[in-house]
K.L.:
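Sending over a structure as structure tokens; questions will come in a sec.
To find a chain, count down the sequence lines: A is the first, B the second, and so on, and within it residues start at 1. Atom set for the values below is all heavy atoms of this structure, side chains included, hydrogens, waters and symmetry mates excluded.
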Number of protein chains: 2
Amino acid sequence: MARTGRPREFDRDKAIDAATALFWAQGYEPTSLTQLKASMGHISPASFYAAFGSKEALFREVVQHYLATYGQVMAPLWDESLPPREAIERTLRGSARMQAARTHPTGCLVVSGASNCSPENEPVQALLAAERQRTRAGIKACVERAIARNELKASPSTDILPNILATFFHGMTCEARDGMTVDTLDAAITSLLTLWDINTVKPLKNRQKNTENTGVRL
Amino acid sequence: MARTGRPREFDRDKAIDAATALFWAQGYEPTSLTQLKASMGHISPASFYAAFGSKEALFREVVQHYLATYGQVMAPLWDESLPPREAIERTLRGSARMQAARTHPTGCLVVSGASNCSPENEPVQALLAAERQRTRAGIKACVERAIARNELKASPSTDILPNILATFFHGMTCEARDGMTVDTLDAAITSLLTLWDINTVKPLKNRQKNTENTGVRL
DNA sequence: AGACTTCCATATTAATCGATCCAGAAATTA
DNA sequence: TAATTTCTGGATCGATTAATATGGAAGTCT
């Protein structure tokens with residue numbers, strides 16, 4: 001698209017960054033347009049609406065930006081080239097490190113970005129709820145893949161495992177916001193994952209060598 | 001105190017109930033005085049301020065009311081007459097049932113009541129944060145009591161156990177709000193508590209009978 | 001009955017909310 | 001240079017925010 005006319009003076013990407021930090025720290029509703037404009041370099045209302053459309057449209061853009069950057073700590077969930085347990089572990093540890101980092105607001109924007117909402121902003125709440133549901137589906141898929149690959153036993157205990165992981169995962173936001181450190185979260189994850197390990201299919205001794213006997217049904 | 005003068009026409013307790021439901025569902029900031037007054041029977045601003053002082057004062061009263069009623073599901077944490085594991089389990093299950101119930105807003109008011117807050121309402125946020133810290137201390141005390149009573153091993157794994165339990169506990173709010181049922185939460189709790197059980201001090205066979213031999217050091 | 005207290009309803013405060021609109025300046029392209 | 005485009009700053013929109021002020025009715029006490 002050939003751009004003509006006077007170019008905008010403020011950096012749109014930096015403006016999105018600033019808006020992300022604000023929405024992340026305070027949530028959708030408490031963040032006012034005045035704050036947003038100020039954080040973008042005191043731009044005018046006209047510039048704001050010309051660039052972003054509305055507060056809600058900006059928020060949706062911020063969420064997309066968040067998912068494409070910080071949110072990528074959860075990418076392992078969808079990477080089928082990874083062993084399922086490693087996918088889960090990488091996601092949990094990466095998310096812990098990200099959420100507890102001091103270089104940006106703590107916690108997860110998707111979890112806490114619109115947790116206090118009046119009815120008129122229900123669409124905003126639904127946007128994040130859908131994203132959380134996507135996360136749950138990803139965790140569940142990993143567990144089911146592990147069962148299919150005969151790495152986890154199929155049992156009531158593994159049926160519920162995705163829910164435990166999701167609950168813990170979403171709880172990290174509260175803990176990180178209340179000051180829990182990366183190291184503590186990391187230790188908790190290590191311990192939590194024993195819930196995975198006690199449900200693993202016990203390998204026979206020298207089981208690795210059996211991989212040579214493809215076609216042989218044990 | 002002898003009350004004189006015209007008695008108020010609205011029921012103050014029912015007004016607190018109504019305010020609790022509103023704050024619980026929407027959070028502190030998004031709940032407006034207009035909504036609050038309407039839910040109390042369309043009382044006047046003057047009546048509101050005479051009865052409650054301010055929005056923040058009302059919220060503090062609501063939190064106290066919440067803790068004294070719904071929040072009592074966590075009372076087992078402080079009941080030293082209970083075996084520590086049972087105290088934890090009762091708290092988790094009671095909280096799950098409470099948070100997922102459909103007779104009131106889902107989730108926990110202490111966790112989500114002021115999660116989206118502008119800087120000027122930081123005191124409100126701090127109020128709930130302190131309450132969450134109290135919960136963590138209660139969980140930790142239970143685990144430490146279990147170690148002291150020789151029911152849990154002292155180990156890095158049990159050191160981190162309180163953090164896992166707290167993270168899961170706080171995560172239940174997100175899950176309940178997103179529709180997770182009591183049954184699912186209950187099953188997750190059952191499975192989560194195996195993290196406790198694998199750290200228990202293994203009882204000798206016929207250990208119960210040994211309780212008769214008090215004074216005998218094994 | 002009379003004094004007193006606290007209620008209620010109605011108006012109104014200043015401030016802020018998200019969102020528009022306009023006029024003029026500035027930078028691009030032809 | 002001229003035409004075009006989109007920026008900027010400032011004024012402003014109606015609605016809503018939390019909080020006060022006023023004036024009279026209503027109920028409780030001595």
K.L.:
Tell me: CZ of A:Arg8 to P of C:dA27, nearest whole Å?
P.N.:
16 Å
K.L.:
List the atom of A:Thr91, the atom of A:Phe169, and the distance in Å for their closest heavy-atom pair.
P.N.:
CG2-CE1, 4.4 Å
K.L.:
Counting side-chain heavy atoms from CB outward, which of D:dT17, D:dG9, C:dG18 is closest to B:Ser32?
P.N.:
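Nearest to the side chain of B:Ser32 among the choices is D:dT17.
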K.L.:
Report yes if at least one side-chain N or O of A:Thr34 is closer than 4.0 Å to OP1 or OP2 of C:dC17; otherwise report no.
P.N.:
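The answer is yes; a side-chain N or O of A:Thr34 sits under 4.0 Å from OP1 or OP2.
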K.L.:
How many Å lie between CZ on B:Phe48 and P on D:dT17, as a whole number?
P.N.:
13 Å
K.L.:
Please determine whether a side-chain nitrogen or oxygen atom of B:Ser47 lies at a distance below 4.0 Å from atom OP1 or OP2 of C:dC7.
P.N.:
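No, outside the criterion.
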K.L.:
Could you work out which one of D:dG10, D:dT8, D:dA19 sits closest to the side chain of A:Glu9?
P.N.:
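Minimum distance to the A:Glu9 side chain belongs to D:dT8.
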K.L.:
Please give, in whole Å, the distance from C:dG18 C1' to A:Gln35 CD?
P.N.:
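Atom CD in A:Gln35 sits about 13 Å away from atom C1' in C:dG18.
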K.L.:
After noting the C-alpha distance and the side-chain angles of B:Phe168 and A:Phe168, does the key distance pass the ring-ring contact (aromatic ring centres under 6.0 Å, His included) rule?
P.N.:
CA-CA 5 Å; B:Phe168 179 91; A:Phe168 179 92; 8.5 Å; no
K.L.:
Please pick, from C:dA19, D:dT8, D:dA18, the nucleotide with the shortest atom-to-atom distance to any side-chain atom of B:Lys55.
P.N.:
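Nearest nucleotide to the side chain: D:dA18.
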K.L.:
Let me know the distance between CG of B:Leu58 and P of D:dA18, rounded to the nearest Å.
P.N.:
11 Å
K.L.:
Of all the nucleotides listed (C:dT10, C:dA19, C:dC8), which has the minimum atom distance to the side chain of B:Pro45?
P.N.:
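Given the options C:dT10, C:dA19, C:dC8, the side chain of B:Pro45 is closest to C:dT10.
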K.L.:
Can you check the B:Met40 CE to C:dC7 C1' distance for me, whole Å?
P.N.:
16 Å
K.L.:
Decide, yes or no, whether a salt bridge links A:Arg132 with B:Glu175 under the criterion of side-chain N to carboxylate O below 4.0 Å.
P.N.:
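Not counted as a salt bridge, because no side-chain N and carboxylate O are separated by less than 4.0 Å.
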K.L.:
Looking only at heavy atoms, which two atoms of B:Leu22 and B:Gln35 are closest? And how far apart?
P.N.:
CD1-O, 3.6 Å
